[in-house]
Amino acid sequence: MPAAPFDYEAPATLAEALDLLGERGPEARPLAGGQSLVPLLTLRLARPRLVVDLDRLHELRAVRRTPDALEIGALVRHRALERGEGPLALCPLLQEAAALIGNTRVRTLGTLGGSVAHADPAAELPAVLRALDGAVVLRSTRGERVVGAGDFFVGMLTTALAPDELLTAVRLPLPSPGAGFAVEEFSRRAGDFAVVAAVAVVELDGGAVARARVALAGVGPVPARLDRLEAALLGERSGPDAIRRAVADRPLGIEPDGDIHASAEYRRHLAAVLTTRALERAAEAARGAVV
Amino acid sequence: MTELRIAFTLNGEPCEVRTEAHRTLLEVLRARGGVEVKEGCGEGVCGTCTVLLDGEPVSSCLVLAARAHGRDLLTVRGLGDDQAPHPLQSAFVAHGAAQCGFCTPGMLLAAYALLRDHPRASRAEIRRAIAGNLCRCTGYTKIIDAIAACAGGAARG
């Protein structure tokens, strides 16, 4: 079906884009890569009066490295993440996660900022942001604010973005050089959103777990961090037995809903299996890392 | 509603159209006679409407036509024709890689982009590159065979 008609603006600068959103924010939708918004438009699930096309805002395509973090412009595409272009190579977790997104055409056009702002509960990149304790930079004519991933994701497809705000960048703290990463997911068909995805980051100190972080997608309306499991793993040996025991010994603290894709019980099962696999592989990578 | 004039290169030829901003590239290409671009699912999943936008495969149903302004577009018609087929097209014929043919333009363009960047792509790389192009007839084996036959550096690029 064709999209319902809308007004269209393609501002040349961020300031112009923010002015447009300031004037017409509640009836406007910013367009990044379009791989989520365009199908919503043609299915008429979204009917904005104005589409603000961000394609000309080259200032949102920059990647900057600060001493302990990457600041990635919102319009950096999945393809660039997947290839680890430039400073993005400092965070190999992004490469692994981006390679799992949709299909090659989605990765050609889809953007980091678009995925994070769309906030699909099954998407990989919001879970990566949550696992790395990342944050988003939100700009409007009123100013700038930085919101941590734990506060940004509010509900299914719902974030802390105000109607006049634009997500301009994602900040990802870089884990220590010896950290190991893994993303494990299960989807029913190639290219589908994951039913459940697990993102693990493990840092070791002399063979024991110095820090473990796990974020899950697909087990609730927002990406979940497994705080209790992370705490239980501290100081544990990093071998597969210890990890399996730690996951099996306690409830993960998630309450997935069942839907057309999977029952709640099956999602819980997947969460435990994929969490175990992701932690094992991340720990193995950390053991193999040359620090 | 915003009306736009967009100019792009289509299969090497300059092209200019007037359209409304809410139209997708797929709608605009088909409206001007580009029936080689097939509409399948209309939501970016099936790959039948694949075109190359500045050389990269995209779902034309998920690109607003406005985004084509100033860009270079390739459809399967620009790859070759029955007088001068591209080696991939010949290989699809030789391997019986098409049945109903609806997915074939998208398959060819996905394969073309893969082999241009990775002329010696492995079968695993081929499978990954066309994972987002659905075929409901062939079971994929003959399509992969045809692409693999061109993956010895034989495909033009």
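Naming: A, B, ... by sequence-line order, numbering from 1 per chain. Only this structure's heavy atoms are used, side chains among them; waters, hydrogens and symmetry mates stay out.
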Exercise for review: Run the salt-bridge test on A/Glu96 and A/Arg281 with the 4.0 Å N-O cut-off and return the result as yes or no.
Suggested key: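 Yes.
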Review point. Salt-bridged, B/Arg128 to A/Glu82, with N to O below 4.0 Å?
Key: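 Looking at A/Glu82 together with B/Arg128, the answer is yes, because their closest N to O distance falls below 4.0 Å.
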Need one label for [X]: side chain, backbone, both or neither, based on atoms under 4.5 Å from any heavy atom in chain B.
X: A/Arg49; value: neither
X: A/Leu31; value: both
X: A/Arg107; value: side chain

Just give me the residue among [options] that pairs up with chain B most often, heavy atom to heavy atom, under 4.5 Å.
options: A/Asp53, A/Thr42, A/Val51; result: A/Asp53
options: A/Ala4, A/Ala10, A/Gly102; result: A/Ala4
options: A/Leu50, A/Leu41, A/Asn103; result: A/Asn103

Review point. What's the verdict on side chain to side chain contact (heavy atoms under 4.5 Å, CB included) for A/Leu54 and A/Thr111, showing C-alpha distance, side-chain angles and the deciding distance?
Key: CA-CA 11 Å; A/Leu54 308 177; A/Thr111 67; over 6 Å; no
Check your understanding: Which distance, rounded to the nearest 0.5 Å, do you find between the CD of B/Gln99 and the NZ of B/Lys142?
Key ->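 Going from the CD atom of B/Gln99 to the NZ atom of B/Lys142 covers 8.5 Å.
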Check your understanding: What's the spacing between B/Asn11 CG and B/Thr75 OG1 if we round to 0.5 Å?
Key -> 3.5 Å
**Study point:** Test item: A/Glu124 and A/Val199 side chains (from C-beta on) under 4.5 Å apart, heavy atoms
**Key:** no
Checking [X] against chain A: side chain, backbone, both or neither under 4.5 Å from a heavy atom?
X: B/Glu27; answer: side chain
X: B/Leu4; answer: side chain
X: B/Ser59; answer: both
X: B/Cys41; answer: neither
X: B/Ala129; answer: backbone

Review point. Looking at B/Glu39, B/Glu56, B/Glu3, B/Glu20, which has the largest count of heavy-atom pairs under 4.5 Å with chain A?
Key: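 With the most close heavy-atom pairs to chain A, the winner is B/Glu56.
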**Study point:** Qualifying residue for side-chain contact (heavy atoms from CB on, under 4.5 Å) with B/Leu52, from B/Asp72, B/Leu73, B/Val76, B/Leu74
**Key:**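 Among B/Asp72, B/Leu73, B/Val76, B/Leu74, the one meeting side-chain contact (heavy atoms from CB on, under 4.5 Å) with B/Leu52 is B/Leu74.
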Exercise for review: Under the side-chain hydrogen bond (donor to acceptor under 3.5 Å, both in side chains) rule, what do A/Arg79 and A/Thr104 come out as? Steps first, then yes or no, please.
Suggested key: CA-CA 8 Å; A/Arg79 175 75 78 244; A/Thr104 184; 3.1 Å; yes
